[in-house]
4 protein chains.
Amino acid sequence: MAYQRSERMQRRIASNREGIVAAARLLVSKGGLREARMEAVASEAGLSTGALYRYFPSKADLFVDVLNAAVDREIVILDEIVNGPGSARERLTDAVASFVRRALRGPNLAYAFIAEPTEADVDAARILCRMRFGEVFKAIIRSGIENSEFRAQDVDASAACIVGAFTEALVGPIAPSTRGVEDEDRLIGAVSSFCVAAVVGVVMPCQ
Amino acid sequence: MAYQRSERMQRRIASNREGIVAAARLLVSKGGLREARMEAVASEAGLSTGALYRYFPSKADLFVDVLNAAVDREIVILDEIVNGPGSARERLTDAVASFVRRALRGPNLAYAFIAEPTEADVDAARILCRMRFGEVFKAIIRSGIENSEFRAQDVDASAACIVGAFTEALVGPIAPSTRGVEDEDRLIGAVSSFCVAAVVGVVMPCQ
Amino acid sequence: MAYQRSERMQRRIASNREGIVAAARLLVSKGGLREARMEAVASEAGLSTGALYRYFPSKADLFVDVLNAAVDREIVILDEIVNGPGSARERLTDAVASFVRRALRGPNLAYAFIAEPTEADVDAARILCRMRFGEVFKAIIRSGIENSEFRAQDVDASAACIVGAFTEALVGPIAPSTRGVEDEDRLIGAVSSFCVAAVVGVVMPCQ
Amino acid sequence: MAYQRSERMQRRIASNREGIVAAARLLVSKGGLREARMEAVASEAGLSTGALYRYFPSKADLFVDVLNAAVDREIVILDEIVNGPGSARERLTDAVASFVRRALRGPNLAYAFIAEPTEADVDAARILCRMRFGEVFKAIIRSGIENSEFRAQDVDASAACIVGAFTEALVGPIAPSTRGVEDEDRLIGAVSSFCVAAVVGVVMPCQ
DNA sequence: CATGAATGAGAATTCATTCAT
DNA sequence: TATGAATGAATTCTCATTCAT
């Protein structure tokens, strides 16, 4: 009677897991972490609440996973840009623009997660995610400083500022992310210009 | 025949109100809005939960007050800088530095509140506060553009980026605000340089 | 230093007591017992909540008093009618009409109290009041039976029915006591006819 | 892949719902709406408070249901009598007797609900219920007037009076519904005679 | 005697988590 | 393994009553 986990079953398990994460992501993108109740996630995933706990030991674990999955995708894309060709300036512009563009489209959750703290458990993960984003930008900044494209600066601080700047411009209530789609390019241009100017910062060198 | 409210009592009432706000502020600065339960606030203030409701009609009202009080103080100081003498560049530097410096000291909650969404009621106030901060920086940017200190730019977007940048640099976990006090000046310098460079943005003028 | 209670003081105490009862009555007539909070009563009476407890040991006691005061007045008037001249039938008509008329005017609270149960303590008093009203009508019914104006009947039950009938017709939501003032006489006529017919009840004697 | 809800479970759910309603009914019949706390209901039903909210969205909804269930049963029975054969007089007698008889037995809550106002939400339902009772009696009265069994009269007022009369005779403390069961028939007879006499009202036709 | 701020025991409702089926 | 009903601790808010001033 030894229990052999069939391939079919394995696939179902994997797909259930993905389905749960997808459902959770959808709900978060709609109403934020605050409104993503376990029962709603289960229902969206076509499962029972009990089943959720077979895949994730707690709500926090589930949302940490959701967060990481979303951020992983971002990081992959950003890393490609960062490690790609072009000047540091171009790569920074592209990285910011790429992030902002996808965030404006949704349902990309990176921004939602970045902006919304919750329980301590999830918060810790969020913090790590912000750090991962920070690392991406640190890499660009460092390479820009090395080849004298960028001014000398506190790399940690600048990276934090960049992440904060585009996050706020996107999700912050100040920033009119609701302007409408036509202005998308304008917003992207404005934010990436801001960030590039900040790190380049050859300020009035000829005066 | 009405009794005269004794001065002693008046002082007690005033001090209680302040005590409640202070207790709430403390708890928020420790554990965020989500851990600031009414009972905890009451206990911290040395009162009963019922007493809280004599001073504030609801939890949301209390925290809106706490938030506004913190932000009011900031805005007063920032406005003074903004409307003061000096070039736009100097004023921007000073404004950012001033905010960051006080935030690093604490218990200044402006940054905590700026960063943490909660219930819809409080959230509305938070959004207004961010907007108020945004307005301060818009004013500087506009004046800088007018006198050609700053490049032409999307004022709304830049203001959002500035607020996001120093917020993130402060509360964001990327920027280790836990570094210790020795680095305070360094952080302040880094963040304000970042913001100034971003809006000035005379990028590579001699190339 | 023996304390002589001055006449002035005695008068104030008495007038305060009356003021409290009046305030309570007003609030009840507006929003029912449910909405007559002690603080509101105090405020309406121009006193502090604490003062209330100098005159009444508890909320229940206060409202029992209010109830009894209102009912006392009714009973005095009804008793006058009951013990006055006229046939039992006339006296019953007058009694019902008199009660209904004053109730329609307000702020007569008898009906409000009659219709609204609350805490056990007050409820007991309410029950007693209904009994007192019942006694009034029992007296009329008995005298009507004695002189053969009314049919033989269960006096207790009939009295209860009468009280219930006009109470419901007044405060019950079925009975449109909101019809407007022009219909006042019509309602009074209808209700008293109903009650008289019920106790006379010489039903189809000639058939 | 959805599991089939077992019949056993379905039965449990149905019986739980009924159990909750029954528990609520019991508590109301004992101590009135004001003593029927959600925790007490849950405990009486052998459930947790949380479970109650799976079946009813709020306390008000639960009690509206309880009220309506009780009244529905009454109305069905009364309607049968009203629309049945017999003279208007007979049908009125039967309707009143039927209601009073069942009310004396309990746990029939119609009378309890009829007599006790509570929170606004439940109150609205209570008012509707009284109106439904009123309609039943209006129908009889109208048909009695049409075929000259009853005197001309204000149908609305009379219906209200009837409902008030038997309600008071039952729950009102004047009419000792605690008399004991032997007097049941006597009370029923007295109340229905009262109501019939009231609407027939051919008062002293031969004098 | 008057004041009214403070008390604190409730009461309703929510939701992550468990466990019998 | 899946289900989803049940749990129950947690949390906000209310209001009669008390007591220091």
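The structure displayed is predicted, hence computed values, not measured ones. Each chain gets a letter, A, B and so on, in the order its sequence line appears, and its residues count up from 1.
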Protein-nucleotide distance ([X], atom [atom1]; [N], atom [atom2]), rounded to Å:
{"X": "C:Leu62", "N": "F:dC15", "atom1": "CG", "atom2": "P", "value": "16 Å"}
{"X": "B:Asp61", "N": "F:dT12", "atom1": "CG", "atom2": "C1'", "value": "13 Å"}
{"X": "A:Glu39", "N": "F:dA5", "atom1": "CD", "atom2": "C1'", "value": "10 Å"}
{"X": "A:Arg54", "N": "F:dG4", "atom1": "CZ", "atom2": "C1'", "value": "14 Å"}
{"X": "D:Tyr55", "N": "E:dA12", "atom1": "OH", "atom2": "P", "value": "20 Å"}
{"X": "D:Leu52", "N": "F:dG8", "atom1": "CG", "atom2": "C1'", "value": "13 Å"}
{"X": "A:Arg17", "N": "F:dT1", "atom1": "CZ", "atom2": "P", "value": "14 Å"}
{"X": "A:Glu35", "N": "E:dT14", "atom1": "CD", "atom2": "P", "value": "14 Å"}

Rounded to the nearest 0.5 Å, what's the gap from [atom1] on [X] to [atom2] on [Y]? Could you check?
{"X": "B:Leu27", "Y": "B:Met38", "atom1": "CG", "atom2": "CE", "answer": "11.5 Å"}
{"X": "C:Leu128", "Y": "C:Asn68", "atom1": "CG", "atom2": "CG", "answer": "8.0 Å"}
{"X": "B:Lys59", "Y": "B:Thr49", "atom1": "NZ", "atom2": "OG1", "answer": "13.0 Å"}
{"X": "A:Arg54", "Y": "A:Asn16", "atom1": "CZ", "atom2": "CG", "answer": "11.0 Å"}

Contacts of type side chain to side chain contact (heavy atoms under 4.5 Å, CB included), residue D:Arg17, not counting sequence neighbours
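By the side chain to side chain contact (heavy atoms under 4.5 Å, CB included) rule, D:Arg17 matches D:Tyr55, D:Phe56, D:Asp65.
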Side chain to side chain contact (heavy atoms under 4.5 Å, CB included) with D:Ala51: which residues, sequence neighbours excluded?
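With sequence neighbours excluded, D:Ala51 shows a side chain to side chain contact (heavy atoms under 4.5 Å, CB included) to D:Leu47, D:Ser48, given in chain and number order.
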Taking the nucleotide of DNA chain F with the closest heavy atom to each, which residue, B:Lys59 or A:Leu47, is nearer the 5' end?
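Looking at DNA chain F, the more 5' nearest nucleotide goes with A:Leu47.
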For C:Ala36 and B:Met38, find the nucleotide of DNA chain F closest to each by heavy atoms; which residue's nucleotide sits nearer the 5' end?
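Of the two residues, B:Met38 wins.
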Dot-bracket for DNA chain F, please, read 5' to 3', with Watson-Crick or G-U wobble pairs under 3.5 Å on both distances, ( ) within the strand, [ ] crossing, | other strand, . unpaired.
.||||||||||||||||||||
Any base atoms under 4.0 Å from C:Asn16, or only sugar-phosphate, or nothing? Heavy atoms, all strands.
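Sugar-phosphate only.
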Check side chain to side chain donor-acceptor pair (under 3.5 Å) between D:Ser58 and all other residues, then give those that pass, not counting sequence neighbours.
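Testing D:Ser58 for side chain to side chain donor-acceptor pair (under 3.5 Å), a comparison that skips the adjacent residues, returns D:Asp61.
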Which pairs with one or both residues in residues 37-47 of chain A pass side chain to side chain donor-acceptor pair (under 3.5 Å), sequence neighbours excluded?
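Sorted result for residues 37-47 of chain A: empty, none.
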What protein N or O atoms touch nucleotides 8-10 of chain E N or O atoms at under 3.5 angstrom, if any, and at what distances?
none

Measuring to OP1 and OP2 of F:dT14, would you say a side-chain N or O of B:Tyr53 lies under 4.0 angstrom away?
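B:Tyr53 to F:dT14 OP1/OP2: no side-chain N or O under 4.0 Å.
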Salt bridge (charged side-chain N to carboxylate O under 4.0 Å, His left out) against C:Asp72, all qualifying residues, sequence neighbours excluded:
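Listed in chain order: C:Arg132.
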